[in-house]
Visitor: 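What follows is a single structure, and I will ask about it in a moment.
Keep in mind that this is a model prediction, so the values were computed, not measured.
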2 protein chains.
Amino acid sequence: MPRIGLDLPTLLTAAAEIADREGFEAVTLASLAQKLQIRSPSLYNHIAGLPDLRRHLALRGLATLSAQLEQEVAGCTGDDSIRAFSRTYVAFARTHPGLYEAIQRAPAPDDELLQQAGGRVLDQVYRAMTSYGLEGDAAVHAVRAIRSLLHGFVTLERQGGFGIPLDLDVTFRLMVDTFLAGVKAMRTGEG
Amino acid sequence: MPRIGLDLPTLLTAAAEIADREGFEAVTLASLAQKLQIRSPSLYNHIAGLPDLRRHLALRGLATLSAQLEQEVAGCTGDDSIRAFSRTYVAFARTHPGLYEAIQRAPAPDDELLQQAGGRVLDQVYRAMTSYGLEGDAAVHAVRAIRSLLHGFVTLERQGGFGIPLDLDVTFRLMVDTFLAGVKAMRTGEG
DNA sequence: ATTATAAAACTAATGATATTAGTTATCGAA
DNA sequence: TTCGATAACTAATATCATTAGTTTTATAAT
């Protein structure tokens, strides 16, 4: 019975690798145990079960994402802050599709830590939006819109929803610019 | 061994009910069999297995959605056709969350029927976009953008991703209008 | 009306999964 | 050196999906 010296971070790294390579659904206690060369009940020494494992993956995903946002968006202002946020967000989802899905599948209510981690990402969007000149309800609506746009794009792209062979990066840039142009138009229209 | 007289449409209606009430994942052969008062192996007389059942749900979802779009968008022109499309799309996703998820989860490539059914929905967006005055690559980009926007909104809304208590219908209308304003701005900017 | 066939339901059995209970051995600290 | 926490284990159970093989019921053909 050789003790393998497994700890939670190592376990999560392995799980994240499965998720990003084979998809979120491929992360099972069986597949993870096999990858780690242990029997699946042994996993319960580190996690409480499959739901708990998925929660940990979501937390790791949110931490990674907000760290990258922090790094890339800092220092940008105006349009650039929205563009930088969008670029980083999509890049994360493309690089870590499994972790990205883990974030989406995590049931946030009731979960203090998960709420906080999600909040840190949201704060980044709000900051970008404020630096862009939007406040109050307008900012809330705008944040919802950009989140919808980015999440929808990322999801459709990954599931192959965009069949036509026309460069997706072009679509993406155009899409964000259209959003920015729309916000400007709406703002001058109201002011 | 009383023959229950089950047929595929009835089976699918029951499955769709489970999906829309308890979520896509709650549709298992076990839960469906229980609802239909038969043993789960008996389901194989009507479907080829769980993947096939899910595929049928996706087909039913796409048929329902495109029928509703057909009805609601017909006759609209310009901004209104985009607005009507968006409204109908979101209404469908809200009324049939399970079917909506079935559509998203269906792996389309290789599947002739599924491709066609999806194509019918896509055609509606293109028609709306053309009636809006966009053609060629611009139309493709615009279709991708509106799809991203709507799918993202619908998904985030259903998973409770919009925490703040600010009317989501307002966000939705504003979001679509912002998109329209953006497209106009980009168009005049280029022309 | 009788019979033959197709198929709709069944039981039984298999393999994968998560999970729990209980066991053993190992590491680290007293 | 010993003791206790714990990381790994085995064994067992419950829930799935799925396959094989059986029975019975409609329905169509004679």
Side-chain angles (χ1 to χ4, degrees), chain A residues 1-60 98-99 101-102 105-107 110-111 114, chain B residues 1-60 98-99 101-102 105-107 110-111 114:
Chain A
M1 215 179 277
R3 201 171 275 210
I4 209 81
L6 183 61
D7 60 351
L8 185 58
T10 308
L11 183 157
L12 290 180
T13 300
E17 235 175 82
I18 298 176
D20 287 336
R21 276 213 247 279
E22 303 168 41
F24 177 77
E25 308 242 315
V27 180
T28 65
L29 296 192
S31 69
L32 179 56
Q34 187 181 21
K35 187 183 180 80
L36 293 171
Q37 307 262 38
I38 59 176
R39 308 300 180 129
S40 57
S42 305
L43 293 170
Y44 285 79
N45 287 314
H46 305 278
I47 53 170
L50 185 58
D52 185 46
L53 172 60
R54 291 177 165 176
R55 174 178 172 273
H56 274 103
L57 281 179
L59 285 171
R60 175 173 277 222
L99 286 185
E101 192 173 352
R105 307 259 293 227
D110 303 10
D111 195 318
L114 214 46
Chain B
M1 216 180 276
R3 203 170 272 212
I4 208 82
L6 183 62
D7 60 351
L8 185 57
T10 308
L11 184 156
L12 290 180
T13 300
E17 234 175 83
I18 297 176
D20 286 337
R21 276 214 247 279
E22 301 168 42
F24 177 78
E25 309 241 315
V27 180
T28 65
L29 296 191
S31 69
L32 178 56
Q34 187 181 22
K35 187 183 180 82
L36 293 170
Q37 305 261 38
I38 60 176
R39 305 300 179 132
S40 58
S42 305
L43 293 170
Y44 284 79
N45 287 313
H46 306 278
I47 53 170
L50 185 58
D52 185 46
L53 172 60
R54 291 176 166 178
R55 174 178 172 274
H56 274 104
L57 282 179
L59 284 171
R60 175 172 278 220
L99 286 184
E101 192 173 351
R105 293 250 206 149
D110 305 10
D111 195 318
L114 214 46

Visitor: For B/P9, does its backbone N or O pair with a side-chain atom of B/T13 as donor and acceptor, under 3.5 Å?
Guide: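 Yes: the side chain of B/T13 pairs with the backbone of B/P9.
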
Visitor: State whether a side-chain donor-acceptor pair under 3.5 Å links A/T10 with A/D7.
Guide: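 Yes - a donor-acceptor pair under 3.5 Å links their side chains.
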
Visitor: Verify the neighbour count for atom CD of B/E25: are there more than 12 heavy atoms of other residues, nucleotides or ligands below 6.0 Å?
Guide: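 Yes, CD of B/E25 has more than 12 neighbouring heavy atoms, counting only those of other groups under 6.0 Å.
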
Visitor: How long is the line joining CZ of B/R3 and P of C/dA8, in whole Å?
Guide: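 So the CZ-P distance, B/R3 to C/dA8, works out to 7 Å.
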
Visitor: If you measure from CD1 on B/I38 to CZ on B/R3, what distance do you get to the nearest 0.5 Å?
Guide: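 Taking CD1 in B/I38 and CZ in B/R3, the distance rounds to 12.5 Å.
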
Visitor: Just by modelled atom types, is the B/A26 backbone N or O under 3.5 Å from a matching donor or acceptor in the B/S31 side chain?
Guide: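 Checking the backbone N and O of B/A26 against the side chain of B/S31, a donor-acceptor pair under 3.5 Å is found.
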
Visitor: Closest heavy-atom contact between B/A58 and B/L114?
Guide: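 So the minimum-distance heavy-atom pair works out to CB-CD1, 4.1 Å.
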
Visitor: Could you measure the distance from the CG atom of B/L8 to the CZ atom of B/R60? Nearest 0.5 Å is fine.
Guide: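 If we round to the nearest 0.5 Å, B/L8:CG and B/R60:CZ are 8.0 Å apart.
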
Visitor: Identify, residue by residue, the members of residues 33-47 of chain B with a heavy atom below 4.0 Å from DNA chain D, and return them in order of residue number, or none.
Guide: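 The answer is B/S40, B/P41, B/Y44.
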
Visitor: Give, ordered by number, those residues of residues 53-60 of chain A having at least one heavy-atom distance below 4.0 Å to an atom of DNA chain D; if nothing qualifies, reply none.
Guide: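 Residues of residues 53-60 of chain A under 4.0 Å from DNA chain D: none.
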
Visitor: Mind checking the CG-CG spacing from A/L99 to A/D20? Nearest 0.5 Å is all I need.
Guide: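 So the CG of A/L99 and the CG of A/D20 are separated by 4.5 Å.
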
Visitor: Is it the case that the side chain of B/R105 and the backbone of B/R54 share a donor-acceptor pair, with hydrogens and angles ignored and the cut-off at 3.5 Å?
Guide: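 No: the side chain of B/R105 does not pair with the backbone of B/R54.
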
Visitor: Taking CD in B/E17 as the centre, count heavy atoms belonging to other residues, nucleotides or ligands within less than 6.0 Å. Is the count above 12?
Guide: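 Yes.
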
Visitor: How many whole angstroms separate atom CG of B/L6 from atom P of D/dT25?
Guide: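 That distance rounds to 17 Å.
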
Visitor: Please report, rounded to the nearest Å, how far the P atom of D/dA7 is from the CG atom of A/D7.
Guide: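 The distance from CG of A/D7 to P of D/dA7 comes to 10 Å, rounded to the nearest Å.
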
Visitor: A/I4 CD1 to D/dA8 C1': how many Å, rounded?
Guide: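 A/I4 atom CD1 is separated from D/dA8 atom C1' by 9 Å.
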
Visitor: For DNA chain D, which residues of residues 10-32 of chain A approach it to below 4.0 angstrom with any heavy atom?
Guide: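 Residues of residues 10-32 of chain A under 4.0 Å from DNA chain D: none.
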
